S.K.: 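This is the structure, below, for whatever I ask next.
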2 protein chains.
Amino acid sequence: MPTPPDGPPNYLPTVAVGRLSLYLRELQRLAEAGVTSANSQALARLIDVSPAIVRKDLAAIAAVGRRGVGYDIAALIDRIGAMLGTQTHWNVILVGVGSLGTALLRYRGFQRQGFRIVGAFDLDPRLVGTSIGGTLIHPIADIGRIAKTLQPHLAVLAVPVEAAASVAADLVAAGISGILNFAPTSLKLPRSVGVVNVDLASEMQRLAFAVSRLPTTTALLPESVPEFVPTPESAPTTAAKAGRKKTAPPA
Amino acid sequence: MPTPPDGPPNYLPTVAVGRLSLYLRELQRLAEAGVTSANSQALARLIDVSPAIVRKDLAAIAAVGRRGVGYDIAALIDRIGAMLGTQTHWNVILVGVGSLGTALLRYRGFQRQGFRIVGAFDLDPRLVGTSIGGTLIHPIADIGRIAKTLQPHLAVLAVPVEAAASVAADLVAAGISGILNFAPTSLKLPRSVGVVNVDLASEMQRLAFAVSRLPTTTALLPESVPEFVPTPESAPTTAAKAGRKKTAPPA
DNA sequence: TAATGTGAAACCGTTCACAGCT
DNA sequence: AGCTGTGAACGGTTTCACATTA
């Protein structure tokens, strides 16, 4: 065979990590329903991507299927779980027991995916000492000390924006490795600390934008809509024609 | 000047929409602090991207800066707001007043970005008729009828997974154009309906993965870590060396 | 002079198409 | 016969570098 010039091979694309998590979620559901095998097309439909992507993603994590058949679901769950560290015991603390923090403490999805909420922290002395969703709330001032006992790896940051930077610094000082940040601000942290931001208002804006660019149907749209929205069709240069894309590419 | 052959020009890349939302958030903060102008480098630092990206993004929405100076913040806020439909009145309903739904009703960030929560829906008769965060809760069975009055464009879906598919169908029937989906499942809906998924467990898994792939420092990591994790360095092909990237490219 | 605005190159991720297995 | 596994083409996004301009 001809040697590939120097070409980098199948790494795991960073976006693929998000998809693996979705495959896992759906595979767990299938397994509970007693299904034992699925092919790339079925998986693709479940998370709304192309079958080729499914095969590439699974190849990238060295999951193997059987040609002519598909993938063994139990094996896939193991493999993806191994990649995402599902059997790893991540200890998680939550900081900021406001209404969002409370909801997150009550949310069972984290535990279901193997994360252990080992403690919560808040300023409010009326909350300290109480439990929500089985998690004890500690005074935020004691994070450093209590972290020595709880050994948290990750933190959920659900404090008000104004407090976010300072609390994040405390978390880093307490030795946390990663922060799931719900405060609408970009934390400035050492590169050794992982951050994933979840900005709810921003997600809503993405939705609004997507909707306003959608093929107009009978559905409700608000009165005014942004004027200048550049698209392939409204190109301000030569050749403004350019073959229109097929409207419905994926199966 | 030489005519560009036929080259497709600056569209707005889809990922740029998410960034615009973040620029807007930070610009609003700067404006409140009395800052009137900012250059691409400053903006880049604020949302943690490269200055070149900032200039490309802003060029793509026809925002103009002054060479040698930077961008006028008030003008930028207007321009980005116009693109994202900030002055458009999006009516939003929320379905599923559990702990997450409650938190979302109390969350002020949606209103701050111009979204109007016009109503909430739940099955529980004890909730119906009460208000949370100033939003009245209606019986879920009446969505169709009440939607005629409320004229909602978007919906926040915060019901349990089992109910998600059926409620989503009701929302579509009621004429909704987009759904912000917090249920951990991929909704199968007509292409005319926009969907943005927010899967909290999945975000946490992304964080865990990112952390486990981080340059190991003194910070806490859980005992076991996935074995086979392909990266550029662990490439199974020729030329496994390949010039290492400079470790800190952005300013 | 210090920044924008922008072609062109580099990079990354997806799609295509088909050879290879079972 | 059917589906996986994968090179190669493609397309979208980012980076680079620099001409341009207030």
Side-chain angles (χ1 to χ4, degrees), chain A residues 1-19 37-44 48-72 75-76 230-232 235-238 242-243 245-246 248-251, chain B residues 1-20 37-44 47-72 75-76 230-232 235-238 242-243 245-246 248-251:
Chain A
M1 70 189 70
T3 321
D6 97 316
N10 27 342
Y11 318 139
L12 184 58
T14 47
V15 286
V17 178
R19 289 195 299 262
S37 147
N39 63 29
S40 60
Q41 185 162 189
L43 289 173
D48 204 41
V49 295
S50 75
I53 281 228
V54 174
R55 295 199 297 274
K56 277 270 154 84
D57 285 347
L58 298 185
I61 62 169
V64 291
R66 286 183 48 195
R67 304 193 187 210
V69 180
Y71 299 87
D72 179 68
L76 262 196
T231 65
T237 339
T238 45
K245 298 223 129 97
K246 42 182 183 304
Chain B
M1 70 189 66
T3 320
D6 98 315
N10 27 342
Y11 318 139
L12 185 58
T14 48
V15 284
V17 177
R19 288 194 299 261
L20 287 178
S37 151
N39 62 31
S40 61
Q41 186 163 186
L43 289 174
I47 76 162
D48 204 43
V49 295
S50 76
I53 280 229
V54 174
R55 295 200 296 277
K56 278 269 153 86
D57 284 348
L58 297 184
I61 62 168
V64 292
R66 288 181 49 192
R67 303 192 187 212
V69 180
Y71 298 85
D72 178 69
L76 262 195
T231 64
T237 336
T238 44
K245 298 227 130 102
K246 40 184 182 311

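Predicted model, so just to flag it, every value in this text is computed and none were measured. Convention: sequence-line order gives letters A, B, ...; per-chain numbering from 1. All heavy atoms count here, side chains included; hydrogens, waters and symmetry mates do not.
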S.K.: When the distance from CG of B/Leu20 to P of D/dT13 is rounded to whole Å, what number comes out?
M.R.: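 Nearest whole value for this atom pair: 13 Å.
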
S.K.: When you check the phosphate oxygens OP1 and OP2 of C/dT15, does a side-chain N or O of A/Ser50 lie under 4.0 Å from one of them?
M.R.: yes

S.K.: Between C/dT15, C/dG5, C/dA17, which nucleotide gets closest to the side-chain atoms of A/Arg55?
M.R.: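 In terms of side-chain proximity for A/Arg55, the closest of C/dT15, C/dG5, C/dA17 is C/dA17.
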
S.K.: Only counting residues at least two apart or in another chain, list the ones meeting side chain to side chain contact (heavy atoms under 4.5 Å, CB included) with B/Ala75.
M.R.: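 Result, side chain to side chain contact (heavy atoms under 4.5 Å, CB included) vs B/Ala75: B/Asp72.
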
S.K.: A/Asn39 has an atom CG; how far is it from atom P of D/dG2, in whole Å?
M.R.: 12 Å

S.K.: Look at the side-chain N and O atoms of B/Thr14 and state whether any lies under 4.0 Å from the OP1 or OP2 oxygen of D/dT13.
M.R.: yes

S.K.: Tell me: CD of B/Gln41 to P of D/dC16, nearest whole Å?
M.R.: 14 Å

S.K.: How long is the span from the OH atom in B/Tyr71 to the CG atom in B/Leu58, to the nearest 0.5 Å?
M.R.: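 If we round to the nearest 0.5 Å, B/Tyr71:OH and B/Leu58:CG are 5.0 Å apart.
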
S.K.: I need the CG-C1' distance between B/Leu12 and D/dG11, as an integer number of Å.
M.R.: 16 Å

S.K.: Pick out the pairs of N or O atoms, protein on one side and nucleotides 20-22 of chain D on the other, that lie under 3.5 Å.
M.R.:
| unit_1 | atom_1 | unit_2 | atom_2 | d |
| --- | --- | --- | --- | --- |
| D/dT20 | O2 | B/Arg67 | NH1 | 2.5 |

S.K.: Take the protein atom CD1 of B/Ile53 and the nucleotide atom P of C/dT4, then report the distance between them rounded to whole Å.
M.R.: 15 Å

S.K.: Rounded to whole Å, how long is the line connecting atom CG of A/Leu58 with atom C1' of D/dC3?
M.R.: 13 Å

S.K.: Please report, rounded to the nearest Å, how far the C1' atom of C/dT4 is from the CG atom of B/Leu43.
M.R.: 13 Å

S.K.: Which comes earlier along DNA chain C counting from the 5' end, the contact point of B/Ser40 or that of A/Asp57, where each point is its nearest nucleotide?
M.R.: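 That would be B/Ser40.
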
S.K.: Taking atom P of C/dG13 as reference, at what distance in whole Å does atom CZ of A/Arg19 sit?
M.R.: 9 Å

S.K.: Working to the nearest 0.5 angstrom, can you tell me the gap between B/Ile47 CD1 and B/Leu20 CG?
M.R.: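 If we round to the nearest 0.5 Å, B/Ile47:CD1 and B/Leu20:CG are 8.5 Å apart.
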
S.K.: Suppose we call a contact any N or O donor and acceptor under 3.5 Å apart; does that hold for the side chain of B/Lys56 and the base of D/dT14?
M.R.: no

S.K.: Can you measure from CZ (A/Arg66) to CG (A/Asn39) and round to the nearest 0.5 angstrom?
M.R.: 13.0 Å

S.K.: If you look only at distance, which donor and acceptor atoms sit under 3.5 Å apart when one is on a side chain in residues 12-19 of chain B and the other is two or more places apart or in another chain?
M.R.:
| unit_1 | atom_1 | unit_2 | atom_2 | d |
| --- | --- | --- | --- | --- |
| B/Arg19 | NE | B/Asp57 | OD2 | 2.6 |
| B/Arg19 | NH2 | B/Asp57 | OD1 | 2.8 |
| B/Arg19 | NH2 | B/Asp57 | OD2 | 3.3 |

